[in-house]
Structures are given as C-alpha cells and as structure tokens.
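Notes to accompany the following structure.
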Amino acid sequence: MEREQLAFVAFDILCLDGQDLRALPLIERKAKLWHLVKPAKGIIQYSDHVEGGGAAFFEAVEKMGLEDMVSKRRESPYRSGKLDFWVKTKCWEIGDFELLGIKREPGKPAAAIVARNGCYAGTAAVTLSQRMRERLWQRVQLAKAAKPHRPVPTAVAGADVEWVRPGITGQVKFLRGEHKLRHASLQNFRRK
C-alpha cells in the first residue's frame with residue numbers, strides 16, 4: 001500500500017513568538033506567515049492568496065474539482081465567529097443515489113439513507129416540497145422492507161428507520177470532496 005504525503009497548508013497566523021496578531025489586518029498577518037514558512041515546499045506550506053476576480057477564481061476552483069474557496073477582506077482583523085469579514089463559497093454536486101431507507105426521529109428533519117455503486121454513502125436531509133414529500137412517504141410505505149438491502153453502519157440501522165426494497169433512486173445535492181456525503185439534501189426521487 002502506498003502512503004500519502006500529508007502537508008499542513010497554513011493560510012493565517014494569529015500568534016507569533018507570544019505576540020497576539022489578531023488585531024493586525026489579514027494582509028499583514030499573511031506577510032508574517034510567509035516569512036515564517038518560506039519557501040513553503042515542505043510539510044508546512046503557505047496558502048497564497050489571489051486578489052480580485054472572485055467569480056473567475058471560483059470557476060477555476062469548480063473546474064479543479066475542489067470543495068470550496070474562502071474569501072477574506074485583506075484589511076480585516078481576525079475575529080472568531082460568523083462575521084462578514086470572510087465568506088466560504090462551497091462547490092456542490094448533484095448525483096443519483098439508491099434509497100435504502102428513511103430515518104424519521106421526533107423533532108429532527110427526516111433523512112434519506114442512501115448508497116452509491118452498491119456501497120453506503122451517507123444520509124441526506126429530505127428537503128422536498130410538501131407534495132413531493134407525501135409522494136415519497138407513500139412510495140416508502142409501498143416498498144417497505146424488514147432490513148436494508150445494502151450493508152449500513154450499525155449507528156445508522158436504528159429502530160427509527162423505515163427500510164425500502166430496491167428500486168427508488170434519489171437525486172442528492174452534496175458538498176464535493178468527501179467519500180461520504182456531507183451537507184447533503186434529497187432534491188428529487190424516482191422509481192427505476
């Protein structure tokens with residue numbers, strides 16, 4: 001088995017030699033970071049920045065198959081929490097997945113348990129319109145099964161899951177970049 005070389009890619013620095021840098025503008029913090037890690041070719045690397053051209057940059061990020069990009073204001077100090085100093089723009093994919101079951105827990109959104117290429121892929125929030133949701137519940141009732149038709153993790157296979165027989169395909173929107181679904185939502189479904 002071939003090992004992968006991992007690298008730590010640094011994009012900001014908050015403290016250096018005991019000095020708190022959070023009040024400095026981002027562009028100054030990045031300059032300090034560059035001087036600390038240059039030439040940035042080893043296990044610790046420097047994440048360069050691109051100024052302007054956000055739409056064209058995002059298009060390139062999508063073409064490269066990356067998960068997202070982060071945009072920050074160059075003059076902004078570092079502040080924790082959700083603020084308008086920075087924005088994460090995610091890349092999404094939409095694909096077909098085999099519906100294994102529906103998990104409905106009181107007080108939580110319903111989740112579709114899905115597989116792709118015969119393997120468990122994760123769960124997707126059911127974000128259908130009321131009419132489509134009712135159609136899905138009817139299909140699930142008609143296709144009920146005693147157990148999943150594909151292997152699923154034990155943590156997923158609880159008593160609150162309604163398993164279905166093969167034959168329902170769900171169209172799922174999900175965050176690109178992982179083997180298991182992240183931030184996924186069921187957009188539509190159909191019978192095979």
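Only this structure's heavy atoms are used, side chains among them; waters, hydrogens and symmetry mates stay out.
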Item to complete: Check whether any side-chain heavy atom of Val61 lies under 4.5 Å from a side-chain heavy atom of Cys91, and answer yes or no.
Response: yes
Worksheet item: Asp96 and Arg190: salt bridge (Lys or Arg N to Asp or Glu O under 4.0 Å), yes or no, with the steps?
Response: CA-CA 10 Å; Asp96 288 341; Arg190 67 183 184 282; 2.9 Å; yes
Worksheet entry | Trp163 and Val152: CA distance, side-chain angles, deciding distance, side-chain contact (heavy atoms from CB on, under 4.5 Å) verdict | CA-CA 11 Å; Trp163 301 110; Val152 297; 3.8 Å; yes
N/O donor to acceptor pairs below 3.5 angstrom from side-chain atoms of residues 170-177, sequence neighbours left out:
{"from": "Arg176", "atom 1": "NE", "to": "Glu93", "atom 2": "OE2", "distance (Å)": "3.2"}
{"from": "Arg176", "atom 1": "NH1", "to": "Glu62", "atom 2": "O", "distance (Å)": "3.2"}
{"from": "Arg176", "atom 1": "NH1", "to": "Leu66", "atom 2": "O", "distance (Å)": "3.0"}

Discussion item. Under 4.0 Å between a side-chain nitrogen and a carboxylate oxygen: does that hold for Lys63 and Glu59?
Written reply: yes
Worksheet item: When rounded to the nearest 0.5 angstrom, what distance separates CZ in Arg22 from CD1 in Ile13?
Response: 13.0 Å
Worksheet item: Heavy atoms, side chains only, cut-off 4.5 Å: are His49 and Ser47 in contact?
Response: no
Worksheet entry | Non-hydrogen atoms of Gly122 and Leu181 that approach each other most closely | C-CD1, 4.3 Å
Discussion item. So does Leu100 get a backbone contact from the side chain of His149, meaning a donor-acceptor N/O pair under 3.5 Å?
Written reply: no
Discussion item. Within a 6.0 Å radius of atom NZ on Lys180, are there more than 12 heavy atoms belonging to other residues, nucleotides or ligands?
Written reply: yes
Worksheet entry | Heavy-atom closest pair, residues Arg29 and Leu21 | CD-O, 3.1 Å
Discussion item. Applying side-chain contact (heavy atoms from CB on, under 4.5 Å) to Ile113 and Val161, what does each step give before you reach the verdict?
Written reply: CA-CA 9 Å; Ile113 300 169; Val161 177; 3.7 Å; yes
Item to complete: For the pair Lys72 and Asp12, find out whether any cationic side-chain nitrogen is under 4.0 Å from an anionic carboxylate oxygen.
Response: yes
Worksheet item: Considering only heavy atoms from C-beta outward, does the side chain of Phe189 approach that of Leu128 to under 4.5 Å?
Response: yes
Worksheet item: Quick one: do Phe97 and Val126 end up in the same hydrophobic cluster if we chain Ile, Leu, Val, Met, Phe, Trp and Tyr together by side-chain heavy atoms under 4.5 Å apart?
Response: yes
Item to complete: Identify the two heavy atoms, one from Ile27 and one from Glu75, that lie closest to each other, and give their separation to 0.1 Å.
Response: CG2-OE2, 4.1 Å
Worksheet item: Which pair of non-hydrogen atoms, one from Ser76 and one from Arg73, has the smallest distance, and what is that distance?
Response: OG-O, 2.7 Å
Worksheet item: Got a sec: does the CZ of Phe57 have more than 12 other heavy atoms crowding it under 6.0 Å?
Response: no
Worksheet item: Taking side chain as C-beta onward, heavy atoms only, is Leu99 less than 4.5 Å from Leu136?
Response: yes
Item to complete: Using a strict 4.0 Å threshold on nitrogen-to-oxygen distance, state whether Glu51 and Arg74 make a salt bridge.
Response: yes
Worksheet item: Is Met69 linked to Leu26 within one hydrophobic cluster, defined over Ile, Leu, Val, Met, Phe, Trp and Tyr using a side-chain heavy-atom separation of less than 4.5 Å?
Response: no
Worksheet item: Would you call Tyr120 and Pro148 a side-chain contact if the rule is heavy atoms closer than 4.5 Å?
Response: no
Worksheet item: Would Thr89 and Asp68 satisfy side-chain contact (heavy atoms from CB on, under 4.5 Å), going step by step from the backbone distance to the final call?
Response: CA-CA 6 Å; Thr89 307; Asp68 59 44; 6.0 Å; no
Worksheet item: Linking I/L/V/M/F/W/Y whenever any side-chain heavy atoms sit under 4.5 Å apart, do Val140 and Met132 land together?
Response: yes
Discussion item. Applying side chain to side chain donor-acceptor pair (under 3.5 Å) as the test, list every pair that has at least one member in residues 125-135; sequence neighbours left out.
Written reply: Gln130-Glu134
Worksheet item: Closest heavy-atom contact between Asp20 and Leu14?
Response: OD1-O, 3.5 Å
Worksheet, complete the sentence: Closest non-hydrogen contact found for Tyr46 with Val9 is C-CG1, 4.3 Å
Discussion item. I want to check something: taking the side chain as every heavy atom from C-beta on, are Glu98 and Arg116 in contact at a cut-off of under 4.5 Å?
Written reply: no
Item to complete: Report whether Phe11 and Phe8 are members of the same hydrophobic cluster (ILVMFWY, side-chain heavy atoms less than 4.5 Å apart, transitive linking).
Response: no
Let me check something: any side-chain donor-acceptor pairs from residues 101-110 under 3.5 Å, sequence neighbours excluded? List them with distances.
{"from": "Arg104", "atom 1": "NE", "to": "Glu162", "atom 2": "OE2", "distance (Å)": "3.1"}
{"from": "Arg104", "atom 1": "NH2", "to": "Glu162", "atom 2": "OE2", "distance (Å)": "2.6"}

Fill in: hydrophobic_cluster_shared for Leu24 and Leu16, side chain cutoff 4.5 Å
yes
Worksheet item: Do the non-hydrogen side-chain atoms of Leu36 and Ile44 ever get within less than 4.5 Å of each other?
Response: no
